[in-house]
Amino acid sequence: MTQITPQLVREHGLNETEYARINELLGRAPNLVELGIFSVMWSEHCSYKSTRIHLKKLPTSAPWVVQGPGENAGIIDVGDGDVCVFKMESHNHPSFIAPFQGAATGVGGIMRDVFTMGARPVASLNALRFGAPEHPKTKHLVSGVVEGIGSYGNCMGVPTVGGEVNFHASYNGNNLVNAMCVGLAKADKIFYSAARGSGNPVVYVGSKTGRDGIHGATMASAEFNEDSEEKRPTVQVGDPFTEKLLLEACLELMATDAIIAIQDMGAAGLTSSSAEMADKGDSGIEIDLDKVPQRETNLTAYEMMLSESQERMLAVLKPGREAEAERIFKKWELDFSVIGYTTDTHRLVVRHKGEIVADMPVTALSDAAPLYERPYVTRAPATGTPAFDATKPVMESLLKLLGTPDLCSKRWVWEQYDYTVMGDSVQQPGGDAAVVRIHGTGKGLAMSTDVTPRYCRADPREGAKQAVAESYRNITAVGATPLALTDCLNFSNPEKPEAMGEIVNGIEGMGEACRALDFPIVSGNCSLYNETQGEGILPTPTVGGVGLLKNIARMATVAFKRDNDAILVIGETKGHLGQSVYLREIEGREEGACPPVDLKLEKKHGKFVRGLIEAGKLDTVHDVSDGGLLLAVAEMALASGIGAVLRTNYGPADFIPAMFGEDQGRYLIALPQKKADAVIAAAAKAGITIRHLGFTGAVSEMGEPVLQGVGLPAVGLEVLRSAHENWLPGYMNS
Amino acid sequence: MKAAVVVFPASNCDRDAAVALEQITGTKPQMIWHADSEVPDVDLIVLPGGFSYGDYLRCGAMAGQSNIMRAVKEKAEQGVHVLGICNGFQVLTETHMLPGVLMRNAALKFVCKPVGLTVTETQSVFTRHYKAGQRAEFPVAHGEGNYVADDETLNRLEGEGRVVFKYAPGENPNGSVRDIAGILNDKRNVLGLMPHPERVCDPLLGGTDGRAMFESLLEALA
């Protein structure tokens, strides 16, 4: 029997107080298997011990919310008997150590979270943050992560329709891979993880268990040091082929009424799935590890309980339905084994080779997990209006911005993802939000992932509000009603008061925005300790929003549609350059206050724009965000091949801030002049700032589409397009 | 026209093919399981896109050895029409129902995008509704679509009017020799192509250039 030494306890990521508490809960010292189980269940990744008390501040309900946080994924009602099941989750640490497998299994894990609830996944999105392009590792990480996401999602046949890719030196040692999956189920066919009842068979389905991923959850709960790459064995290996079979087999079994509860084996594998299912079902579970399908010989109980082998599920069946379930899994050539039963003891009991190797109260693993009210300090937000050189030529700056790593086209990425499979991708990558048709209907789901980490660094509270507001805007811009969010809260070390301050303020800011916009959080996760050798990442509370588009025939897109449309800006342009991309890329400074978010105006403007789209009066809309107005106009022109002429009368001191400032709450719209007059009148009546910016359809003397205007020498769209399209492939192929 | 769509483990365009067939022919196709050894009495068998057997060994190699492919091959020999899309095309070359092989894309990356095609042969039941030389745009979505065959085979394919689709000049997404995107067998009842006609049958999805293929089949096989 292994002696439990203080050294061993520390290696399991538990401190002295936590270990003492384990002894108290068990009434004795744990054995090694039990120590391992506590180690993963009490890890930051599984227990949310640093964030639980703050996460309670987030709004999680609305009349359309069917299931909020706490299940495998969140669920919202999208009408006509359909529900949308979705969640976003981080796979940051594994993706840094082994980019291809880390990203691939991130996609696989989030898909299981969705289909374990009875939903067929219909779309994937990925929010990716990498280090500075010039950092020696960045290119390798981008290449591996993108290929990993593609390999898994493409094989699953689930379209990868959207996301973000950004670069910043703060991610040099900790890239972020936040994978979101959206699925559809019938409202009367939702499956939960509560293992209710006693004496019901617990079945293991999917792949066999191996030694991969042991202690993955513990790894994801510590900061990195220079030895981190030696942690490669803790990264799981994915097999999308098996997952595709598992998806089809699970949906086939779900069409029957044999299942009481089901949950995927994600982080902390067999341990967390069995403990969580028993906890939610207010029951106990007894499992026999000899019955677990194994792909390696001589696996110990410790290894089996902590393995994070992929593509596995645990289900509780109604008694007597085992044979029926087994037939389905055998048809799909998957392992199926009854490994135990539910009990009424409220204990998790694990047997191996005829002996009890672990026996602990279920609540010791869940409710009794440590809960920390960690000390935090709120850093004063960055303030001030930065100076800038008013003489810089605006068109040259636009060309430069279009070719920067953050604002350039991400075509190189999305063309490696199958975004058209399933035949419902009605708005493909490159727009404000992706839209996937609800199969067989005229309705669509709009989705977008958002966060502006540089704003969050300047002011965590305002930055988190902005993330929610931008998601709201992106979904609105296609004509959809924003319904709910999932979040991935990526922060650094919570044991440092300043980092904890970013977490607390970020969550509070996010909650404020969600409440104001009726946009609750229904699922998500936290990824802390994103820090390498003391250097933390920019606070990155990513949100993934989902909205309902009632009529896809009236969907709006960013592309200009016609010549001679009036281009209007909704929302006030004050010229806020603080923390803008312009300031960083053109002036070389990251400073000033981030743009404030007026949530009342966000809601008002959103409602106005949505109303126009829904009424069929507006088909061309673009959210104004990174890079400001001029960048947004250029994107609308590039998406269509139709030029534009801007007729503004800003003075020399105001021109640059107006063109590149990142004031919030704004939309660019384009529509025929006749309709524009009515819209301007309606906006005025509603008290909404609206401004005429120019017209579509400018061409050069040679007849080529151009972007031009007062103070803006004409530039051909093809010149802009080259700048926009060439940076990323050029970088990746260099 | 009666049609069937074969479902291999990890086929993933089987539903897309079925939706397009039903939309255009008005009849739901039968879905047939890879482990079955008989194909029902149909006019058209579709081998859909996807990652049959996880693309393990080689794309299409394991599917080529499946029970159902022995039956499909027999039906094809009897004159039943077979359409292999993407992974289905790979299966057809693996079973030698079509000549040549599909290698890893020249750029070594999976590629998904709309691609311009030239319809080079309209004397076939698959393409009679297109105009000769017409441009059509279908999406591609594959990692192994780089068509390779020896010169003799290629000359014969071209000489016999069996190259049905070519990538439009400058738009070859995978390095295929002579820009070949889709070919017929010598009896002209088996077509394999990498681009996805079933994904462009609905204007909301960015085009309807794929419809003419299913309309051609409907007219010829009804």
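Every chain is numbered from 1, with letters handed out A, B, ... down the list of sequences. Heavy atoms only: backbone and side chains are in, while hydrogens, waters and symmetry mates are out.
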Practice prompt. Measure distances from Glu333(A) to the heavy atoms of chain B and classify the residue's part below 4.5 Å as side chain, backbone, both or neither.
Written response: side chain

Discussion item. Can you confirm whether Asp418(A) sits close enough to Arg199(B) that some side-chain heavy atom of one is under 4.5 Å from a side-chain heavy atom of the other?
Written reply: yes

Fill in: Proximity breakdown for Tyr419(A) and chain B, heavy-atom pairs closer than 4.5 Å
both

Worksheet item: If you take all heavy atoms of Ala10(B) and Phe241(A), which pair is closest and at what distance?
Response: CB-CD1, 3.5 Å

Worksheet entry | Side-chain donor or acceptor of Asn12(B) paired with backbone N/O of Cys155(A) under 3.5 Å | yes

Item to complete: Assess whether atom CE of Met103(B) is packed by more than 12 heavy atoms of other residues, nucleotides or ligands within 6.0 Å.
Response: no

Response to the item:
So, the part of Thr420(A) with a heavy atom under 4.5 Å from chain B: the answer is both

Worksheet item: Residues of residues 726-734 of chain A under 4.5 Å from chain B (heavy atom pairs)?
Response: none

Discussion item. Quick check on Gln65(B): does its CD atom have over 12 non-hydrogen neighbours (other residues, nucleotides or ligands) under 6.0 Å away?
Written reply: no

Worksheet item: Atom CD of Glu415(A) and atom NZ of Lys109(B): how far apart are they, to the nearest 0.5 Å?
Response: 12.0 Å

Worksheet item: Met156(A) versus chain B, heavy atoms under 4.5 Å apart: side chain, backbone, both or neither?
Response: backbone

Discussion item. If I compare all heavy atoms of Met422(A) with all of Arg15(B), which pair ends up nearest, and what's the gap?
Written reply: O-NH2, 3.1 Å

Worksheet, complete the sentence: Counting heavy-atom pairs under 4.5 angstrom with chain A, the leader among Ser52(B), Pro139(B), Pro9(B) is Pro9(B)

Worksheet item: What residue, out of Asn87(B), Val19(B), Val140(B), Asp202(B), has the most heavy-atom pairs lying under 4.5 Å from chain A?
Response: Asp202(B)

Practice prompt. Step through the shown structure and confirm whether more than 12 heavy atoms of other residues, nucleotides or ligands are within 6.0 Å of NZ on Lys330(A).
Written response: yes

Worksheet item: Quick one: of Lys331(A), Gln428(A), Glu248(A), who has the most non-hydrogen atom pairs under 4.5 Å with chain B?
Response: Lys331(A)

Worksheet item: Do other residues, nucleotides or ligands put more than 12 heavy atoms under 6.0 Å from Glu38(B) CD?
Response: no

Worksheet item: Do the non-hydrogen side-chain atoms of Arg437(A) and Leu205(B) ever get within less than 4.5 Å of each other?
Response: yes

Discussion item. At a heavy-atom distance under 4.5 Å, which candidate from Asp239(A), Ile552(A), Leu245(A), Thr242(A) has the highest pair count against chain B?
Written reply: Asp239(A)

